[in-house]
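All values below come from the heavy atoms of this structure, side chains included, with hydrogens, waters and symmetry mates left out. Protein chains get the first letters and strands the later ones, always in sequence-line order, with residue 1 at the start of each.
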Amino acid sequence: MNYWLMKSESDAFSIDDLKAMPNKTEHWDGIRNYQARNMMRDDMKKGDLVFFYHSNAKTIGIVGIAKVANEAYPDFTAFDPDTKYFDPKSDPDNPRWFMVDIKFVRKLKRTITLNELKQHSDALADMPLLRKGNRLSIMPVSEAHWSFILDLE
DNA sequence: GCCAACGTTGGC
DNA sequence: GCCAACGTTGGC
């Protein structure tokens, strides 16, 4: 089993939005970064657990836990000129972009903020999230980091 | 293949 | 709203 962290702008799609979806499940569309795509397409397996992270928010940090409900399939928003995620270079016969389905598991009792995570830079030293300038919206989380962070809750 | 210009992310 | 970081694009 693998662990992940996925960022979402809370104004655009929050943990509460995920919880409110039918079956508490939503497809994670709009990933247009190759590194993030590769992880989704190649490494995210059904049942993997995900930290749900709010970026560009009043309170920035990990707010809940979700799980991978369906493994990668083509991101159909890339084929639709009416969506902001349209990419004419993504051919339905050879899709460029993929997405997974994410299901709500639970909210954390409190938000574990980015600021707080930074204060544990010893334990979390090699966590990509804490690297300056990191812009990856999906990243792997080691089992050790996953447990450590949950213990902060 | 290099690199300047440009666009986006995301913390502050 | 600002701006640092960084990925992508496209001319050469």
Visitor: Write down the distance between NZ (K7(A)) and C1' (dG10(B)), rounded to a whole number of angstrom.
Guide: 7 Å

Visitor: Nearest nucleotide by nearest heavy atom, which residue falls closer to the 5' end of DNA chain C, N56(A) or K89(A)?
Guide: N56(A)

Visitor: Kindly work out whether a path of hydrophobic side-chain contacts (I/L/V/M/F/W/Y, heavy atoms less than 4.5 Å apart) joins M99(A) to F13(A).
Guide: no

Visitor: Measure CG/L130(A) against C1'/dG10(B) and give the value in whole Å, please.
Guide: 14 Å

Visitor: By nearest atom, which of the nucleotides dA4(C), dG11(B), dT9(B) is closest to the R135(A) side chain?
Guide: dT9(B)

Visitor: Is the shortest side-chain heavy-atom distance between R131(A) and M139(A) below 4.5 Å?
Guide: no

Visitor: Side chain of Y34(A) only, heavy atoms from C-beta on: which candidate in dG11(B), dA5(C), dT8(C) is closest?
Guide: dT8(C)

Visitor: Whole angstrom is fine here: how far is it from CZ in R32(A) over to P in dG10(B)?
Guide: 15 Å

Visitor: Nearest-Å distance, CG (N33(A)) to P (dT8(C))?
Guide: 6 Å

Visitor: Quick one: are the ring centres of W97(A) and Y34(A) less than 6.0 Å apart?
Guide: yes

Visitor: Can you see if the side chain of Y53(A) gets near the phosphate of dG11(B) - specifically, an N or O under 4.0 Å from OP1 or OP2?
Guide: yes

Visitor: Give the rounded distance in Å between these two atoms: NE2 of H54(A) and P of dG10(B).
Guide: 13 Å

Visitor: Picking from W28(A), W4(A), F104(A), what satisfies ring-ring contact (aromatic ring centres under 6.0 Å, His included) with F52(A)?
Guide: W28(A)

Visitor: Are any of K118(A)'s side-chain N or O atoms less than 4.0 Å away from OP1 or OP2 of dC12(B)?
Guide: yes

Visitor: Round to the nearest Å and state the distance from Q35(A) atom CD to dA5(C) atom P.
Guide: 18 Å

Visitor: How many whole angstroms separate atom CH2 of W97(A) from atom P of dG7(C)?
Guide: 13 Å

Visitor: Using atom CD of E9(A) as one end and atom P of dT9(B) as the other, report the distance to the nearest whole Å.
Guide: 7 Å

